[in-house]
Every structure is written in C-alpha cells, then in structure tokens.
Amino acid sequence: MTPLRKAAVALVASVAALLPVSPTASASPSPVLARETFDHLPLGPVTEGRGWTTDTSDGTLTIARSSSGHGRELRIRTQGNGRAFLVVPDLKPPGNSFWARLRIRVDAFPTAPDWAHWTLAEASGSDSPTLVRPLGGQYAPTDKGNFYGVGSDLGPTGDWTSWKTSAPARAGVWQCVEFHLDATDNRVTVYFDGVPQPDLTVSTDQHGGTSDPFVFPTFDRLKLGWQLYQADPSPSSYDVRMDDIALSSRRVGGCKA
C-alpha cells in the first residue's frame with residue numbers, strides 16, 4: 001500500500017464517529033450498524049451527534065475529557081426521577097436482531113425508595129407499544145442492594161424487571177457491557193466484561209411478566225443512558241459515564257474477561 005493510500009485510510013478511520021451501514025459499500029456490507037467514541041465531538045453540553053439525538057427530562061448530557069486521560073466520554077446527569085438518553089433512531093437491524101457493546105460507569109445506585117427501578121438501555125419499535133429493556137435493574141430492600149435485570153413494559157407481558165441477586169450492580173467502576181437481542185426466540189442475553197450472565201437471559205416463554213408470550217417489536221430505536229422512575233429517590237441525583245458504543249449484527253467483542 002502506498003503512503004498516500006495509507007494516509008487516506010487513516011483519515012477515513014479517524015473521522016468516523018457514528019457510522020451507519022451503507023448497503024452499497026460492498027458486496028458484503030459491514031455488520032456495524034452504529035459506532036460512537038465521542039472523541040471527535042466538542043467538549044460541553046450536547047443535544048445531538050452524527051446519527052443520534054437525545055431525550056432528556058431533568059437531565060443533561062455532556063461531552064467531557066475521558067477519566068482515563070485518553071479521548072472523550074459522555075457524561076449523563078439526572079435529578080430525582082429524571083431521564084437523559086442518547087437515542088439512535090432509524091435503527092433497522094437485519095432480522096430484527098442486533099448486538100450492542102458499551103462501556104459504562106454509574107457513580108451511585110438508588111437506596112430509596114424500596115424497589116426503585118432504573119433503566120440504562122431501552123429498545124423499541126413504532127409497530128408495538130412494547131419497550132424492551134436489556135440493561136436495567138432495581139433496588140431490592142429484601143436483599144439490601146441493587147441488581148441488574150432484563151425488563152419490559154407496555155406490552156402484553158406487562159411491566160417487569162427480572163433482576164437477579166447473581167448480578168449485583170457495582171457503583172463507581174467501569175464495566176464493559178454487551179447485550180444481544182435475538183428475534184428468533186425473542187431472547188435477550190447479557191455479558192459483563194466478556195463474561196455471559198445466563199441468569200439474566202429471557203426469551204419468549206421465559207421472562208418476568210405475565211403468562212403471555214414476550215415478543216419483540218420491530219426495532220427502530222435504541223436509547224442508552226439513565227432513567228429512574230420513582231419520585232424522591234436517594235441519592236437525589238445520578239451520574240453515569242458512557243463510552244465506546246457499538247451496535248452490530250454480529251458480536252462486537254472488545255470486552256476483557
């Protein structure tokens with residue numbers, strides 16, 4: 001490869017922030033649906049990026065220098081039961097299935113009220129009211145902690161979060177999180193730092209809701225951020241950091257075990 005061609009390839013790689021797939025790019029299109037590292041965005045409050053928008057209520061999103069000292073990251077802050085999400089619209093995953101990978105740190109989880117419920121990721125589609133929450137959890141006073149769980153709302157299976165004590169939510173640490181939404185059996189699988197979390201798996205007939213089948217909508221939107229649903233929580237505000245977002249029709253990887 002000539003030096004000029006090498007420079008051109010490097011330039012294309014460096015300017016890509018959020019990369020939608022071009023169906024005409026090659027005979028075998030890239031499996032990547034979207035990618036965001038935040039490194040090419042200006043510091044300060046942000047309401048949109050290349051290929052994404054935001055959804056906030058009593059919350060803000062800010063581009064800040066990375067806490068690792070390299071590049072930049074997204075910082076999310078909410079007050080009370082506010083919300084602040086990065087929203088990927090116009091999502092069209094092949095076969096209505098996709099993988100997501102992101103690095104995330106939640107400074108503190110709620111300790112009140114009892115059963116406080118929070119969401120970090122929510123996938124939806126305009127053809128159904130069902131909200132699929134592959135990453136979220138709940139404060140369980142009976143077990144004195146916050147625990148991750150897959151959930152759903154507004155569909156025939158009702159409002160549920162299938163949290164497990166085997167998946168405690170760890171505050172103040174970075175984790176590399178992956179989740180897979182597989183429409184062949186409406187299955188959600190979750191991985192932390194490259195390690196599968198089988199207790200968090202849900203599917204058509206194995207979930208936390210009513211006896212009705214759990215069925216995905218036709219996904220066209222993914223929200224990543226933070227929402228707490230109960231009023232007057234403790235603590236009264238929440239800070240979340242996020243980086244290295246990738247959505248793909250194949251597992252992205254990159255999480256160290």
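Keep in mind that what you see is a predicted model, and the values were worked out from it rather than measured. Sequence positions, counted from 1, serve as the residue numbers for this chain.
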side-chain contact (heavy atoms from CB on, under 4.5 Å) between N186 and V215: does it pass, once the steps are laid out? CA-CA 6 Å; N186 301 288; V215 179; 4.0 Å; yes
Going through the checks in order, is the salt bridge (Lys or Arg N to Asp or Glu O under 4.0 Å) test met by R83 and D55? CA-CA 8 Å; R83 69 178 185 270; D55 173 26; 3.1 Å; yes
Begin with the C-alpha distance, continue with both residues' side-chain angles, and end with the deciding distance and a verdict on side-chain hydrogen bond (donor to acceptor under 3.5 Å, both in side chains) for S237 and R77. CA-CA 7 Å; S237 62; R77 182 174 178 82; 3.2 Å; yes
Show, in sequence, the C-alpha distance, side-chain angles and deciding distance for L33 and F98, and conclude whether the side-chain contact (heavy atoms from CB on, under 4.5 Å) test is met. CA-CA 9 Å; L33 304 173; F98 67 96; 3.8 Å; yes
S162 vs Q138, side-chain contact (heavy atoms from CB on, under 4.5 Å): CA-CA, chis, key distance, verdict: CA-CA 9 Å; S162 187; Q138 199 157 19; over 6 Å; no
Using the side-chain contact (heavy atoms from CB on, under 4.5 Å) rule, take T201 and V190 through it: C-alpha gap first, then chi angles, then the decisive distance, then the call. CA-CA 7 Å; T201 299; V190 182; over 6 Å; no
Mind running salt bridge (Lys or Arg N to Asp or Glu O under 4.0 Å) on D39 and R72 for me, showing each step along the way? CA-CA 5 Å; D39 291 342; R72 299 178 179 185; over 6 Å; no
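A donor-acceptor distance shorter than 3.5 angstrom exists from the side chain of S30 to the backbone of V32, with no hydrogens or angles considered. Between the S97 side chain and the A183 main chain, a donor and an acceptor come within less than 3.5 Å of each other. Side chain of N81 to backbone of Q227: no donor-acceptor contact under 3.5 angstrom is found. Checking side-chain atoms of Q197 against main-chain N and O of V195 turns up a donor-acceptor pair under 3.5 Å. Judged by distance alone, with hydrogens and angles left aside, the side-chain atoms of H207 form no donor-acceptor pair with the main-chain N or O of P213 at under 3.5 Å. Judged by distance alone, the side chain of T111 and the main-chain N or O of S234 form a donor-acceptor pair under 3.5 Å. At distances below 3.5 Å, at least one donor-acceptor pair connects side-chain atoms of E36 with backbone N or O atoms of F38. Put simply, the side chain of N146 gets close to the backbone of P110: a donor and an acceptor are under 3.5 Å apart. In this structure a side-chain-to-backbone donor-acceptor pair under 3.5 Å is missing from T62 to G44.
The structure places CG of L135 at 7.0 Å from CH2 of W118, a figure rounded to the nearest 0.5 Å. Here the CG atom belonging to L86 is positioned 5.0 Å from the CD1 atom belonging to I245, to the nearest 0.5 angstrom. Taking CG of L91 as the reference point, atom CZ of R221 lies at 10.0 Å (rounded to 0.5 Å). L120 CG to K223 NZ: the interatomic distance, rounded to the nearest 0.5 Å, is 12.5 Å. D143 CG to K164 NZ: the interatomic distance, rounded to the nearest 0.5 Å, is 11.5 Å. Atom OG1 of T37 sits about 11.5 Å away from atom CG of L74, to the nearest 0.5 Å.
Qualifying side chain to side chain donor-acceptor pair (under 3.5 Å) partners for S166, counting only residues two or more places apart in sequence or in other chains: D199.
Both tests pass for R251 against the ring of Y191: distance under 6.0 Å to the centre and angle within 45° of the axis.
Contact of the P156 side chain with the T130 side chain is registered, since non-hydrogen atoms from C-beta on lie closer than 4.5 Å. Residues F214 and V202 form a side-chain contact, since some pair of their non-hydrogen atoms from C-beta on lies under 4.5 Å apart. Counting only heavy atoms from C-beta outward, the side chains of L102 and F179 approach each other to under 4.5 Å.
Side-chain polar atoms of D127 and T218 form a donor-acceptor pair below 3.5 angstrom. S126 and D220 share a donor-acceptor pair across their side chains, judged by distance under 3.5 Å alone. No hydrogens or angles considered: a donor-acceptor pair under 3.5 Å links the side chains of S68 and S66. Between T161 and R133, the side chains place no donor N or O within less than 3.5 Å of an acceptor N or O (distance only, hydrogens not considered). No side-chain N or O of W160 forms a donor-acceptor pair with one of D153 less than 3.5 Å apart.
Hydrophobic clustering (ILVMFWY, side-chain heavy atoms < 4.5 Å, transitive): L181 and V252 are in distinct clusters. Using a 4.5 Å cut-off between side-chain heavy atoms of Ile, Leu, Val, Met, Phe, Trp and Tyr, with links allowed through other members, L228 and L131 fall into different hydrophobic clusters. When hydrophobic clusters are built by joining Ile, Leu, Val, Met, Phe, Trp and Tyr residues whose side-chain heavy atoms come closer than 4.5 Å, directly or via intermediates, F109 is grouped together with L224.
Between R103 and D243 there is no salt bridge, since no side-chain nitrogen of the basic residue lies less than 4.0 Å from a carboxylate oxygen of the acidic one. Between R101 and E178, none of the side-chain N atoms (NZ, or NE/NH1/NH2) sits under 4.0 Å from a carboxylate O, so this pair counts as no salt bridge. Salt-bridge formation is not detected for the pair D90/K92: no Lys NZ or Arg NE/NH1/NH2 atom is positioned less than 4.0 Å from an Asp or Glu carboxylate oxygen.
The ring of Y229 has its center no closer than 6.0 angstrom to the ring center of W115. Side-chain rings of F192 and Y148 approach one another, their centers coming within less than 6.0 Å. The distance between the ring centers of Y139 and W163 does not fall below 6.0 angstrom.
Using cut-offs of 30° and 60° on the angle between ring planes, the pair F219 and F216 is tilted.
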